[in-house]
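A short worksheet on the structure shown next.
Note that the numbering runs from 1 along the sequence shown for the chain.
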Amino acid sequence: MIAAVLAALVLSIKRVPFPTWQETKKLLLVSAGVVAGFPFFSSWAMERVPATHGAVIIALLPLATAGAAIFFSGERPTRKYWISSAIACVTILVYAISSGFGALQWADLALLGAVISAAIGYAVGGELSKTMGGWQVISWSLIFAFPFLVVPLSGPLLADLKQATWPVWIGFGYISVISMFLGFFAWYHGLAIGGVSKVSQIQYLQPFLSIIAAWLLLSEPLTLGAVLSAVIVVLAVAKGRKASIQQKA
């Protein structure tokens, strides 16, 4: 909701015209995926599992995004792309199993819902950014979601924030301004100029960046296996980024 207010200010200052009906339909998909679906499912899950556990499941997001790009954007990654993606994905899964990943639980299903939501939002938003610009895509998506969020969430949110400590306020501010707003400017711009499938491979680095952040901020363990796995994933991503992506006519 905070990001939506910022988006409204930016759009009004820039005097951006209202999207067309065709753009609006796609923006509603983006809104459902990255403004509502991913934050809700991932937050619900992360209350129930460690940050490192959630990071491993979210590692499926690049493959899901590539699949969504095939359906929504007509992109056709080559065999080289899929091989590098498979190496990165298998490396992450092997790391998860070897580090005591444990049995699947309801939180994992929520994380899978988050993966699917984000993949659709990334694929549609990345394609739409080619004509609208990434900052407009996320701004309008936030505004379209605002009416559905403000009534059920504003009351409980204000009640919780009254009791919040300063670390909670810092985290809330970071998620509102950076993760949910400014970060998407760069992300959708990258998807637009580099292609959804190819750029989505960068997300393979996310689990290990999350593990490092969990180590620094939450005192969760950082192991040699995580470091070695991260190196393999980085090499696979570097190789996959050189693969060509065909566009369906």
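Taken to the nearest 0.5 Å, the CD1 atom of Ile202 stands 10.5 Å off from the CG atom of Leu209.
Applying the side-chain contact (heavy atoms from CB on, under 4.5 Å) rule to Leu112 yields the partners Ile57, Leu60, Leu109; only residues at least two apart in sequence or on another chain are considered. With sequence neighbours excluded, no residue satisfies side-chain contact (heavy atoms from CB on, under 4.5 Å) with Ala36. By the side-chain contact (heavy atoms from CB on, under 4.5 Å) test, Ala64 pairs with Val115, Ala119, sequence neighbours left out.
Nearest approach of Ala110 to Trp44, heavy atoms of both residues: CB-CE3, 3.6 Å. Taking all atoms of both residues into account, the shortest heavy-atom contact from Tyr188 to Ser129 is CB-OG, 3.2 Å. Minimum heavy-atom separation, Ala123 to Ala69: CB-N, 3.8 Å. The shortest non-hydrogen separation linking Leu61 to Ala118 is CD1-CB, 3.8 Å.
A donor-acceptor distance shorter than 3.5 angstrom exists from the side chain of Thr131 to the backbone of Leu128, with no hydrogens or angles considered.
Cluster annotation: Tyr122 is not connected to Phe41 through the hydrophobic network of ILVMFWY side chains, with a link wherever side-chain heavy atoms come within less than 4.5 Å. Phe40 and Leu111 fall into different hydrophobic clusters, where Ile, Leu, Val, Met, Phe, Trp and Tyr side chains are chained together by heavy-atom contacts under 4.5 Å. Taking hydrophobic clusters as Ile, Leu, Val, Met, Phe, Trp and Tyr residues chained together by side-chain heavy-atom distances below 4.5 Å, Leu6 shares a cluster with Val150. Leu142 and Leu11 fall within the same hydrophobic cluster, defined by Ile, Leu, Val, Met, Phe, Trp and Tyr side-chain heavy atoms under 4.5 Å apart, directly or through other members.
Atom CH2 of Trp215 has 12 or fewer neighbouring heavy atoms from other residues, nucleotides or ligands inside a 6.0 Å radius.
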Show the atom names and distances, to 0.1 Å, of all donor-acceptor pairs under 3.5 Å that link a side chain in residues 133-140 to residues at least two apart or in another chain.
| from | atom 1 | to | atom 2 | distance (Å) |
| --- | --- | --- | --- | --- |
| Gln136 | NE2 | Met132 | O | 3.2 |
| Ser139 | OG | Trp135 | O | 2.6 |

Tabulate below the donor-acceptor pairs under 3.5 Å that side-chain atoms of residues 157-185 make, not counting sequence neighbours, or state none.
| from | atom 1 | to | atom 2 | distance (Å) |
| --- | --- | --- | --- | --- |
| Ser176 | OG | Phe172 | O | 2.8 |

Which pairs would a plain distance check flag for residues 16-28, meaning a side-chain donor or acceptor within less than 3.5 Å of a matching protein atom at least two apart in sequence or in another chain?
| from | atom 1 | to | atom 2 | distance (Å) |
| --- | --- | --- | --- | --- |
| Thr20 | OG1 | Glu23 | N | 3.2 |
| Thr20 | OG1 | Glu23 | OE1 | 3.4 |
| Glu23 | OE1 | Thr20 | N | 3.0 |
| Thr24 | OG1 | Thr20 | O | 2.8 |

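The side-chain contact (heavy atoms from CB on, under 4.5 Å) with Val35 is formed by just one residue from the set Ile143, Leu149, Val30; it is Leu149.
Other residues sharing the hydrophobic cluster of Ile83, ordered by chain and number and joined by side-chain separations under 4.5 Å: Ile87, Ile232.
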